[in-house]
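Here is the structure we will look at.
For reference, positions follow the sequence shown, starting with 1.
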Amino acid sequence: MEPARVGRCATVEGTGDTVSDIFDPAGARPVPYHLTHTGKRNFIVHLYCAGGDDSVANEIGAVEGDVVVRFDTGPCVWEVQADGAWTIAPK
């Protein structure tokens, strides 16, 4: 059975460490995203794509801000390390 594929523009959210479902980006290009994290420890976000990876965030504590994510050819997955609730949302 093939894993579910979600759209690139879908908001991803959770609490704690997570690896997202596999998704196909809309193309290899930079895209603005808004990140939040309510935890007190590390908040690390990586994007892994078949065509290349991007280190999106590496912060300590609460986070609320915008980043530019550099998508490459897919499929892709988000990997999040966190100790609180978080979101990764397209702008």
Side-chain angles (χ1 to χ4, degrees):
M1 179 181 199
E2 183 160 327
R5 291 182 183 260
V6 297
R8 169 194 60 79
C9 290
T11 296
V12 181
E13 57 189 4
T15 301
D17 298 345
T18 303
V19 174
S20 75
D21 289 336
I22 295 169
F23 66 95
D24 292 310
R29 61 187 176 95
V31 178
Y33 270 78
H34 185 75
L35 306 178
T36 64
H37 174 241
T38 62
K40 296 181 180 176
R41 297 191 177 146
N42 288 18
F43 177 57
I44 302 169
V45 179
H46 290 287
L47 174 69
Y48 296 104
C49 295
D53 307 330
D54 189 14
S55 179
V56 176
N58 190 352
E59 305 289 335
I60 296 175
V63 171
E64 181 157 355
D66 298 331
V67 296
V68 175
V69 178
R70 289 161 186 81
F71 284 93
D72 210 321
T73 55
C76 302
V77 296
W78 295 104
E79 178 187 46
V80 178
Q81 296 175 29
D83 71 328
W86 54 266
T87 60
I88 302 169
K91 287 186 71 175

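A distance-only check finds a donor-acceptor pair linking the side chain of His37 to the backbone of Gly61 [under 3.5 Å]. Between the side chain of Asn42 and the backbone N or O of Ile60, no donor-acceptor pair lies under 3.5 Å. Between the Trp86 side chain and the Gly16 main chain, a donor and an acceptor come within less than 3.5 Å of each other. Between the side chain of Thr11 and the backbone N or O of Ala89, no donor-acceptor pair lies under 3.5 Å.
Contact detail for Asp21 and Val77: the closest heavy-atom pair is O-CG1, 4.0 Å. For Thr73 against Pro25, the heavy-atom pair with the smallest separation is C-CG, 4.5 Å.
Thr87 is linked by a side chain to side chain contact (heavy atoms under 4.5 Å, CB included) to Glu13, Thr36, counting only residues two or more places apart in sequence or in another chain.
Here the CD atom belonging to Glu64 is positioned 13.0 Å from the CD atom belonging to Glu59, to the nearest 0.5 angstrom.
Ring planes of Phe23 and Trp78: parallel class, angle under 30° (limits at 30 and 60°).
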Under 3.5 Å, which donor-acceptor pairs link side chains of residues 44-58 to any protein atom two or more places apart or in another chain?
residue, atom, partner, partner atom, Å
Tyr48, OH, Glu79, OE1, 3.2
Asp54, OD2, Arg70, N, 2.9

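A salt bridge between Lys91 and Asp66 is present, with a side-chain N of the basic residue lying under 4.0 Å from a carboxylate O of the acidic one.
Residues Val80 and Phe43 meet the side-chain proximity criterion, which asks for heavy atoms closer than 4.5 Å.
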